[in-house]
A.B. asks: 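Pasting a structure below so you can have a look.
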Amino acid sequence: MAGGMGGGSAMEPLALLPEMLLAASAVCGLLLGSWLPRTRQWPVAALGGAACVAGLVATAFGATGTAAFEGAFAVDTVTATARVVVLGGTALVLAMGAEDVRGHPREAEFWVLAQLAALGALVLAGARDLLPLSAGFLLASVPAYALAGFRKDGRGTEAALKFYVLGALFGVLLLSGTALLVAAGHGTSYAALGEGLGDAPHGLVAAGSLGVLLGLLFKAGAVPAHFWVPDTVQGSSSPVAALVTTVPKAGALAALYRLVAGPLDGAPVAWDALLAAVACASMTLGNLAAFFQRDVRRLLAYSTVSQIGYLLVPVAVAARTELARPALLFYVAAYALTNLGAFAVVCAVPGARGIDDYRGLGRSRPLLVAALAVCLLGLVGTPPTAVFLGKVGVFGAAVDGGWTWLAAVTAVNTVASLFYYLRWLAPAAFGSAAAERAAGADPLAHGPLTHCPSAHRPLATATAYTAAAASLALGIGSAPVLDLLR
């Protein structure tokens, strides 16, 4: 690999301490699970949660502005933010899924796969070389395929199959694009590509860059690589749906930002305009499709497609304004908290699949509906939630980058999204008490993964409260966070 920021000291692996902790936890958890009784494998989840917390501590006290392994992996503000989002999000997924997976014959494997998928997202976020970028893509993808089909029922199998087939297609495109960029730039590091792509044949650069970008857009769930999102989210269990719609996006968006603001900045193709068009298509298609959904998980799936459209706006203007990076990083963190909170509510009411199943829930569980209100209105961008500040940053970055039209499209889609979020929230908060159908665990809701007969799942409920409160706290106390991101 070509040279970069880092040196060759023996301390380089310590720069990847959060990633090493997560990898060690996954390996030890797999070994531990083979020795523990099948009915008592909760220590594997506890070990994973401890690794996430330790990784967050290491991130907080670790150095930034450096690189490891000859510049192949960057340890900077982008990587640190992705670590906080991925590790914190994974810890929340482990908490909300504990009651869903408890007692399953392959419980330990579930926790290990979730940690490996998160590890792949971390590698994607820090990669400054095409080789770790490709490795991170595969590591973030393959465990997710297994998680999508973990239930082994009809819906889960369909979800895993669609996810895998599209993942294989876009994975091949990414690897093919990597090979073309290596041939064009005569290197794999971003530094070498930045110097070599300017003199390379334009067609070769365009084809290679397009392949890599399409692979990352698949991992982010953006148009035109979004087709897996609704079926995978609807067919898999709620904790898996929360994981695949949140954790990999942080890594993919960080990787897209590094490419657009780095080696592709001087490339002879207007990638910023292409990504702006993808952003508009994603937010518009996601909102239009969500209007007609009655299944809450499918609604949240199309919501994630629209949200990735908003998140791509600062990526598109990354080379045009300095406001792009803090806007992207803050929005990623805000979206992760809010989206995980919404899925935690779904986990807390396992028998409810459709919007009508939540009707009247506010009378029996008012605090849970309050958390749902914070999360759904937060996804719209209602003050004082964190997503509101994130969208303000996105608007500012688009305007400062000279693309006021893109900010206008984002604003119109934001207003339009209010309709389908309220269509779910209003019956839950103000509807008649017809939610008793969701009082017990519906066997169709989670298939073989459901072993908890009660609809009151304390851990999932606590996760929903925590995520909703954190979204409000991040919005209210955004000033110091934004200062750090700048």
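It should be emphasised that the depicted structure is a prediction, and the values quoted were computed from it without experimental measurement. Side-chain atoms are counted along with the backbone in the values below, which use heavy atoms only and exclude waters and symmetry mates.
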A.B. asks: With side-chain contact (heavy atoms from CB on, under 4.5 Å) as the test, would you mind laying out the steps for F110 and V240 before giving the verdict?
C.D. replies: CA-CA 9 Å; F110 184 93; V240 173; 3.6 Å; yes
A.B. asks: Let's go through T414 and K391 carefully: what are the C-alpha distance in whole Å and the side-chain angles of both, what is the deciding distance for side-chain hydrogen bond (donor to acceptor under 3.5 Å, both in side chains) to 0.1 Å, and is it a yes or a no?
C.D. replies: CA-CA 9 Å; T414 296; K391 287 194 174 181; 3.3 Å; yes
A.B. asks: To check you understand the geometry: which heavy-atom pair defines the closest contact between A371 and Y465, and what is its length?
C.D. replies: CB-CD2, 4.0 Å
A.B. asks: For A114 and L94, work out which heavy atoms get closest and say how close.
C.D. replies: CB-CD2, 4.5 Å
A.B. asks: Given side-chain contact (heavy atoms from CB on, under 4.5 Å), test F292 with Y420 step by step and report yes or no.
C.D. replies: CA-CA 8 Å; F292 308 100; Y420 59 85; over 6 Å; no
A.B. asks: Is there a side-chain contact between L169 and F218 (heavy atoms, below 4.5 Å)?
C.D. replies: no
A.B. asks: What pairs of residues pass the salt bridge (Lys or Arg N to Asp or Glu O under 4.0 Å) test when at least one of them lies in residues 229-254, not counting sequence neighbours?
C.D. replies: K162-D231, D231-R298
A.B. asks: Which atom names give the shortest non-hydrogen contact between A82 and L122, and what distance separates them?
C.D. replies: O-CD2, 4.0 Å
A.B. asks: What heavy-atom pair brings L21 and A51 nearest, and what distance separates the two atoms?
C.D. replies: O-CB, 3.8 Å
A.B. asks: Could you point out which residue of R353, R297, M96 forms a side chain to side chain contact (heavy atoms under 4.5 Å, CB included) with V346?
C.D. replies: R297
A.B. asks: Is there a side-chain contact between P384 and L472 (heavy atoms, below 4.5 Å)?
C.D. replies: yes
A.B. asks: What ring pair (Phe, Tyr, Trp, His ring centres under 6.0 Å) pairs are there with at least one residue in residues 371-405, not counting sequence neighbours?
C.D. replies: W403-W405
A.B. asks: Any side-chain heavy-atom pair from L175 and V172 closer than 4.5 angstrom?
C.D. replies: no
A.B. asks: Any non-hydrogen side-chain atom of Q293 less than 4.5 Å from a side-chain atom of I355?
C.D. replies: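 No - every pair of side-chain heavy atoms lies 4.5 Å or more apart.
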A.B. asks: May I ask you to check if K219 and F170 form a cation-pi contact, with NZ or CZ under 6.0 angstrom from the six-membered ring centre and within 45° of the axis?
C.D. replies: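 The answer is no, since K219 fails at least one limit relative to F170.
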A.B. asks: Please answer whether the main-chain N or O of A23 pairs with a side-chain N or O of Q115 as donor and acceptor at a distance below 3.5 Å.
C.D. replies: no
A.B. asks: What's the separation between atom CG in L213 and atom CG in L173, rounded to the nearest 0.5 Å?
C.D. replies: 11.5 Å
A.B. asks: How would you list, by chain and number, every residue that makes a side chain to side chain contact (heavy atoms under 4.5 Å, CB included) with L422, sequence neighbours excluded?
C.D. replies: L377, L418, L425
A.B. asks: For a side chain to side chain contact (heavy atoms under 4.5 Å, CB included) with L256, tell me which candidate from L328, V212, V315 qualifies.
C.D. replies: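 Result for side chain to side chain contact (heavy atoms under 4.5 Å, CB included) with L256: V315.
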A.B. asks: State the CG-OG distance between L139 and S134, to the nearest 0.5 angstrom.
C.D. replies: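 The CG atom of L139 sits 12.5 Å away from the OG atom of S134.
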A.B. asks: Without hydrogens or angle criteria, can the side chains of S471 and T338 be said to hold a donor-acceptor pair below 3.5 Å?
C.D. replies: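 Yes - a donor-acceptor pair under 3.5 Å links their side chains.
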A.B. asks: Checking N413 against Y310 for the side-chain hydrogen bond (donor to acceptor under 3.5 Å, both in side chains) test, could you report, in this order, the C-alpha distance in whole Å, the side-chain angles of both residues, the deciding distance, and whether it holds?
C.D. replies: CA-CA 9 Å; N413 274 279; Y310 307 136; 5.1 Å; no
A.B. asks: Would you be so kind as to tabulate the donor-acceptor pairs closer than 3.5 Å made by side chains of residues 274-283, with sequence neighbours excluded?
C.D. replies:
| residue | atom | partner | partner atom | Å |
| --- | --- | --- | --- | --- |
| S282 | OG | V223 | N | 3.0 |
| S282 | OG | V278 | O | 2.9 |

A.B. asks: Just wondering, do V296 and L300 contact through their side chains at under 4.5 Å, heavy atoms?
C.D. replies: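 No, every pair of side-chain atoms sits at 4.5 Å or beyond.
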A.B. asks: Whether the side chain of R155 engages the backbone of G235 through a donor-acceptor N/O pair (distance < 3.5 Å, no angle test) should be reported.
C.D. replies: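 No.
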A.B. asks: Return yes if some donor-acceptor pair links the side-chain N/O of T232 with the main-chain N/O of V229 below 3.5 Å, else return no.
C.D. replies: no
A.B. asks: Taking the side chain as every heavy atom from C-beta outward, state whether S303 and L379 have any pair of such atoms under 4.5 Å apart.
C.D. replies: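 Yes. Closest side-chain heavy atoms under 4.5 Å.
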A.B. asks: Below 4.5 Å, heavy atoms only, C-beta onward: do L312 and L253 meet side chain to side chain?
C.D. replies: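 They are in contact (side-chain heavy atoms under 4.5 Å apart), so the answer is yes.
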A.B. asks: Would T463 and L340 satisfy side-chain contact (heavy atoms from CB on, under 4.5 Å), going step by step from the backbone distance to the final call?
C.D. replies: CA-CA 8 Å; T463 304; L340 287 171; over 6 Å; no
A.B. asks: So, for Y164 and W228, is the gap between ring centers shorter than 6.0 Å?
C.D. replies: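 No, too far apart.
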A.B. asks: Using modelled atom types and a 3.5 Å cut-off, is there a donor and acceptor pairing between side-chain atoms of T59 and backbone atoms of G55?
C.D. replies: yes
A.B. asks: Locate the shortest heavy-atom distance separating V93 from P239; write the atom from each residue and the value.
C.D. replies: CG1-O, 3.7 Å
A.B. asks: Do R106 and F150 form a cation-pi contact, if we require the NZ or CZ to be under 6.0 Å from the six-membered ring centre and within 45 degrees of the ring's axis?
C.D. replies: yes
A.B. asks: Would V387 and T382 satisfy side-chain contact (heavy atoms from CB on, under 4.5 Å), going step by step from the backbone distance to the final call?
C.D. replies: CA-CA 7 Å; V387 174; T382 306; over 6 Å; no
A.B. asks: With salt bridge (Lys or Arg N to Asp or Glu O under 4.0 Å) as the rule and sequence neighbours excluded, what pairs involving residues 107-120 come up?
C.D. replies: R38-E109
A.B. asks: If the threshold is 4.0 Å, N to carboxylate O, is there a salt bridge linking R294 and D357?
C.D. replies: no
A.B. asks: Tell me, do V481 and L474 make a side-chain contact under 4.5 Å, heavy atoms counted?
C.D. replies: yes
A.B. asks: Could you go through T246 and N339, starting from their C-alpha distance and side-chain angles, then the distance that decides it, and tell me whether this counts as side-chain hydrogen bond (donor to acceptor under 3.5 Å, both in side chains)?
C.D. replies: CA-CA 7 Å; T246 305; N339 188 63; 2.8 Å; yes
A.B. asks: Find the distance between CG (L147) and OG (S237) and round it off to the nearest 0.5 Å.
C.D. replies: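 The CG atom of L147 sits 8.0 Å away from the OG atom of S237.
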A.B. asks: Could you report the tightest heavy-atom contact between P143 and L113, atom names first, then the distance?
C.D. replies: CB-O, 3.4 Å
A.B. asks: Look at the side chain of T79 and the backbone N and O of A74, then say whether any donor-acceptor pair between them is shorter than 3.5 Å.
C.D. replies: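 It does hold such a pair.
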A.B. asks: Which residue pairs pass the ring pair (Phe, Tyr, Trp, His ring centres under 6.0 Å) test when at least one of the two sits in residues 316-350, sequence neighbours left out?
C.D. replies: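 Sorted pair list comes back empty.
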A.B. asks: Under the criterion side-chain hydrogen bond (donor to acceptor under 3.5 Å, both in side chains), which of R325, R258, R128 is the partner of D76?
C.D. replies: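 Result for side-chain hydrogen bond (donor to acceptor under 3.5 Å, both in side chains) with D76: R258.
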A.B. asks: Say you draw a straight line from CG of L119 to CG of L124; how long is it, rounded to the nearest 0.5 Å?
C.D. replies: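 These two atoms lie 10.0 Å from each other.
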A.B. asks: Roughly how far apart are D265 CG and D272 CG, rounded to 0.5 Å?
C.D. replies: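 With rounding to 0.5 Å, CG (D265) is 8.5 Å from CG (D272).
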A.B. asks: Judged by atom type as modelled, is there a donor-acceptor pair below 3.5 Å linking the side chain of S364 to the main-chain atoms of L361?
C.D. replies: yes
A.B. asks: I need the Y145 OH to S236 OG distance, nearest 0.5 Å.
C.D. replies: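 Separation between the atoms: 14.0 Å.
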A.B. asks: T157 and R151: side-chain hydrogen bond (donor to acceptor under 3.5 Å, both in side chains), yes or no, with the steps?
C.D. replies: CA-CA 8 Å; T157 302; R151 297 188 317 191; over 6 Å; no
